[in-house]
2 protein chains.
Amino acid sequence: MRPLQCRRNSIVGRPGEYRHQQQGRPLRRPGYTPSVAVAVVVVIFTVRQDRLNVLLIERAAEPCKGEWALPGGLLLPGETLDAAARRKLEDETGVSDVFLEQLYTFDRLGEGKAEVVVSYFALVDIGRTRLRSESEWRPAWHPVHPTPPTAFENDRVIAYAEERLRNKLEYTNVVYSLLPERFTLTRMQQTYEAILGERLDKRNFRRRVVGLGIVRPTGRFEKQGAHRPAMLYEFTSRKPMIL
Amino acid sequence: MRPLQCRRNSIVGRPGEYRHQQQGRPLRRPGYTPSVAVAVVVVIFTVRQDRLNVLLIERAAEPCKGEWALPGGLLLPGETLDAAARRKLEDETGVSDVFLEQLYTFDRLGEGKAEVVVSYFALVDIGRTRLRSESEWRPAWHPVHPTPPTAFENDRVIAYAEERLRNKLEYTNVVYSLLPERFTLTRMQQTYEAILGERLDKRNFRRRVVGLGIVRPTGRFEKQGAHRPAMLYEFTSRKPMIL
DNA sequence: TCAAAAGTGTTCATCATACACCCATGA
DNA sequence: TCATGGGTGTATGATGAACACTTTTGA
């Protein structure tokens, strides 16, 4: 429920400078182009065992060797922010073609080299990921609650991403990126519950997602255990949409 | 109306590595810290004569001399992003203490020096601004519809900011930053209408903003013209809040 | 008395929420 | 036949949207 909606029926037509901060008085110095170290980090979420998890990497080098941190790295001159984020995501999980969105740009996170950190967040289906295992920078899934201690204040980034995810769940179809091709509505509901941290009503949940047309039954069933088989559903669209 | 809400009554507990991209194969090069030029730009909105306006500056130097662009500049080493944005805002309008929020971080906007542009957006009451007039970089208000041609693809930034503003209007109290201490509800409604680009219903609008408790009557009246005087209202809080 | 803007209430449709029982299967 | 999870319908309250007339003032 949007708190401020008072529409009427009718709709009306719609319509490089460089400054040096010194003792409060900015002072121009032409010709000189300052540059800073910029990093890109990616908060990669998945739902595993009915819990929201985030991918962290154990740092094999200084600074903060041995601590957990988000996958990321310094931005290369000439590289696009989106490209850097996609590369990190694919390097660590092997997946591409999932929901990935810029989150926020932080300043001075911890005592890393990067002065500016552009964060992204991604949603992956646990079933499709193949974590890198050979390397010395071991990635691993960690529950978000509680978030383990992280280097470079990465917990702030994770908390921000989680908030954004919770909001997006409510007004978009981004869950598609956390679920396989076909899935049961119970699984879908558990995914919502894991992220929102509260239980939903089964009947209301089903009425909603089917009624909004974001999923449709496939006609196939999943048999498992000694109980009635469950209908498998699929998303009508696997692109991010506002509902 | 949030499309996906199926709550139950019960609530369950909730709760720098460097890589070089070369022919697809990232390659680590320890020791070297690449850096890039980072700029901060601010989309400063106001409502003037019932229209949403944005502050643009006529560039006095190359590149793009003589074209209109958003206020901004390169980030200084050691300067905080928020601080840079606040400084730009104050330099151009003379106001501080208004709503200012990070918007998005862009890549390669036009052919400026900056490879990474961190954008902010701000909302100011036209009555409090004193535009810089002495300098060679002349700032001026421009209607957002239609947006004049801008340097560095700044129109993309403005369009993004406008979308964010429209969304924020609906679920926060950020309008406070566009209005003076005391104002009539008609003025407030016109502000909404200017931004949303559509007419609102007077009775519904008033019931809502008063009912939500975001404004309260002051008991003072504004007399003007040959008609009934209007009650002056004030915001119950002048801090950003989610409604 | 007229023009101009201020102010005010009700109806209806939609939708979020709460809630409990039967069904299909394999052990 | 029993245990397990799958599947379904209805009643109520809240809220967004539509809609028109009276009031106050100064000219």
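Every chain is numbered from 1 and lettered A, B, ... according to where its sequence line falls, protein lines coming before strand lines.
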Exercise. Quick one: sort the A:Tyr160 and A:Tyr104 rings into parallel, tilted or perpendicular, breaks at 30° and 60°.
Key: tilted

Quiz prompt | Degree of bending, the helix from C:dT1-D:dA27 to C:dA27-D:dT1 (end axes from five pairs; round to 10°) | solution = 10°

Exercise. Identify, residue by residue, the members of residues 217-227 of chain B with a heavy atom below 4.0 Å from DNA chain C, and return them in order of residue number, or none.
Key: B:Ala226, B:His227

Practice problem: May I have the distance from B:Gln190 (atom CD) to C:dA6 (atom C1'), rounded to whole angstrom? | Solution: 12 Å

Quiz item: Does the side-chain contact (heavy atoms from CB on, under 4.5 Å) test come out yes or no for B:Leu55 and B:Thr46, once each step is laid out?
Solution: CA-CA 8 Å; B:Leu55 190 73; B:Thr46 201; over 6 Å; no

Exercise. Let me see the working for B:Phe106 and B:Asn154 under side-chain contact (heavy atoms from CB on, under 4.5 Å), right down to the final yes or no.
Key: CA-CA 10 Å; B:Phe106 295 87; B:Asn154 277 343; over 6 Å; no

Self-check item: Main-chain N/O of B:Ile126 paired to B:Thr129 side chain as donor or acceptor, under 3.5 Å
Solution: yes

Quiz prompt | Distance in angstrom units between A:Arg206 CZ and C:dC21 C1', rounded | solution = 15 Å

Quiz item: Could you state the CZ-C1' distance from A:Phe205 to D:dG9, rounded to the nearest angstrom?
Solution: 18 Å

Quiz item: In whole angstroms, how far is the C1' atom of D:dG6 from the CZ atom of A:Arg187?
Solution: 17 Å

Practice problem: Would you mind telling me which of A:Leu123, A:Val47, A:Val144 makes a side chain to side chain contact (heavy atoms under 4.5 Å, CB included) with A:Ile195? | Solution: A:Val47

Quiz item: Taking N and O atoms by type only, does the side chain of B:Arg203 place a donor or acceptor under 3.5 Å from a partner on the base of C:dT10?
Solution: no

Practice problem: Send over the distance from B:Arg199 CZ to D:dC19 C1', rounded to a whole Å. | Solution: 15 Å

Practice problem: Would you classify A:Thr184 as touching base, sugar-phosphate or nothing, given that sugar-phosphate means primed atoms plus P, OP1 and OP2, and contacts are heavy atoms under 4.0 Å? | Solution: nothing

Quiz item: Within this structure, what is the CD-to-P distance between A:Glu170 and C:dA16, rounded to whole angstrom?
Solution: 11 Å

Self-check item: Donor-acceptor pair under 3.5 Å, B:Arg207 side chain vs C:dG9 base
Solution: yes

Quiz item: Which nucleotide sits closest to the side chain of B:Arg228: D:dG9, C:dC23, D:dT24?
Solution: D:dT24

Quiz item: Does A:Pro229 or B:Pro229 map to a spot on DNA chain C nearer the 5' end, using the closest nucleotide for each?
Solution: B:Pro229

Practice problem: Check each of A:Ile158, A:Ile57, A:Thr150, A:Val42 against A:Leu70 using the side chain to side chain contact (heavy atoms under 4.5 Å, CB included) test, and report the only one that passes. | Solution: A:Ile158

Quiz item: Expressed in angstrom and rounded to an integer, what is the separation of B:Arg208 atom CZ from D:dT15 atom P?
Solution: 10 Å

Exercise. May I ask you to test the B:Phe121-B:Arg164 pair for a side-chain heavy-atom distance under 4.5 Å?
Key: yes

Quiz item: Below 4.0 angstrom from OP1 or OP2 of C:dA5, is there any side-chain N or O of B:Thr186?
Solution: no

Self-check item: Side-chain touch B:Val117/B:Thr105, heavy atoms, less than 4.5 angstrom
Solution: no

Exercise. Indicate the ring-plane relationship of B:Phe235 and B:Phe183, choosing parallel, tilted or perpendicular according to the 30° and 60° boundaries.
Key: tilted

Self-check item: Spacing of B:Leu212 atom CG relative to D:dA14 atom P, expressed in whole Å
Solution: 16 Å

